[in-house]
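Beneath this line is the structure, given in structure tokens, with notes to follow.
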Amino acid sequence: MKRREFTLGTAALGLGLPMLARAQARMPEEGHDYRVLDKRVAVEAPAGKVEVVDFFWYSCPHCNAFEPALDDWAAKLPADVVLRRMPVAFRDDMVPQQRLYYTLEALGRVGDLHTKVFDAIHKQHAELTLVGPMAQWAAKQGIDPQKFTDMYNSFAVSAKSRRAVEIQDAYKVEGVPAFGIAGRWYTDPTLTAGNDGFLHVADFLIAKARSTR
């Protein structure tokens, strides 16, 4: 979902197999498949680890469609790669879902509820755009609604949300889904011939990070 028009053309994500095969057969190219950042972004991963930041938005249909492939890919990542999920907020009305993620994280429930949030929005058509409905949904997941609301409104969650916006801007995120890799590179499916090409380029950049650290 693009930052300006919040839509990603089906031509970008639905490329035919011949084009995808050609995209994966060649070496990813700087400026075509990925961008090098002018200024490095601070990472949270420990020394010796490669950090991959997954930029997403819960209401983005493309993020929802990409999630199963991302989960499969993440499950096979080597021990020296750290996947860090980061909800974006390009507009004020995207902040509530950003805070939803960090609230679940603070409550220790993001691991089992992250995919369920996508399902609630895209399969069950739940309106998770305000704290009230979010608290009601959280209650159905076994979370005390007052505890959820208090955490949602906490300084810690506010700070996480502000930091997420700083990082998305530092990576110059143009749309979601997107990856920031090792604080040095940015890529997204509009650059890489769709989601499969996206993960192929991510693997290339992870290897590049290893060879240059």
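Shown here is Glu127, whose CD atom has no more than 12 heavy atoms of other residues, nucleotides or ligands within 6.0 Å. The local environment of CG in Asp72 is crowded, with over 12 non-hydrogen atoms from other residues, nucleotides or ligands closer than 6.0 Å.
A perpendicular orientation is assigned to the rings of Trp185 and Tyr34, their planes being inclined by more than 60° (bins at 30° and 60°).
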In sequence, state the C-alpha distance, the side-chain angles, and the governing distance for Phe198 and Phe66, and then conclude on ring pair (Phe, Tyr, Trp, His ring centres under 6.0 Å).
CA-CA 10 Å; Phe198 181 36; Phe66 178 55; 5.3 Å; yes
Please test Tyr58 against Phe118 for ring pair (Phe, Tyr, Trp, His ring centres under 6.0 Å), starting from the C-alpha separation and ending with a verdict.
CA-CA 6 Å; Tyr58 278 128; Phe118 277 115; 5.0 Å; yes
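With hydrogens and angles ignored, the 3.5 Å screen pairs no side-chain donor or acceptor of Lys123 with any backbone N or O of Lys116. At least one donor-acceptor pair closer than 3.5 Å links the side chain of Arg109 to the backbone N or O of Gln141. Panel note: side chain Tyr171, backbone Gly183; a donor-acceptor pair is recorded below 3.5 Å. Checking side-chain atoms of Gln168 against main-chain N and O of Ala89 turns up a donor-acceptor pair under 3.5 Å. Between the Tyr186 side chain and the Glu174 main chain, a donor and an acceptor come within less than 3.5 Å of each other.
Considering every non-hydrogen atom in both Ser154 and Arg99, the closest pair reads O-NH2, 4.0 Å. Taking all atoms of both residues into account, the shortest heavy-atom contact from Glu44 to Glu51 is N-OE1, 2.9 Å. Across every non-hydrogen atom of Pro145 and Ala139, the tightest pair is CD-CB, 4.1 Å. A pairwise comparison of heavy atoms in His125 and His122 identifies CE1-O, 3.7 Å as the closest pair. Smallest separation of non-hydrogen atoms from Ala209 and Ala182: CB-CB, 3.9 Å.
The pair Arg85-Glu105 fails the salt-bridge criterion, with no side-chain N (NZ, NE, NH1 or NH2) lying under 4.0 Å from an Asp/Glu carboxylate O.
For the atom pair Thr103 OG1 and Gln98 CD, the distance stands at 10.5 Å (nearest 0.5 Å). Interatomic distance, OG1 of Thr129 versus CG of Asp93, reported as 8.5 Å (0.5 Å rounding). Separating the CG atom in Asn195 from the CD atom in Glu67 is a distance of 11.0 Å, to the nearest 0.5 Å. Rounding to the nearest 0.5 Å gives a distance of 11.0 Å between CE of Met94 and CG of Asp92. Considering CG of Leu191 and CZ of Arg35, their distance stands at 6.5 Å, rounded to 0.5 Å. For the atom pair Lys208 NZ and Glu30 CD, the distance stands at 7.5 Å (nearest 0.5 Å).
Side-chain N/O atoms of Gln97 and Ser59 include a donor and acceptor closer than 3.5 Å.
Across Tyr101, Tyr102, Phe155, a single residue satisfies side-chain contact (heavy atoms from CB on, under 4.5 Å) together with Lys160, and that is Tyr102. Paired with Phe179 under the rule side-chain contact (heavy atoms from CB on, under 4.5 Å), one option of Asp188, Val53, Leu70 passes, and it is Leu70.
Checked against the 6.0 Å centroid criterion, the rings of Phe204 and His200 do not qualify as a close aromatic pair.
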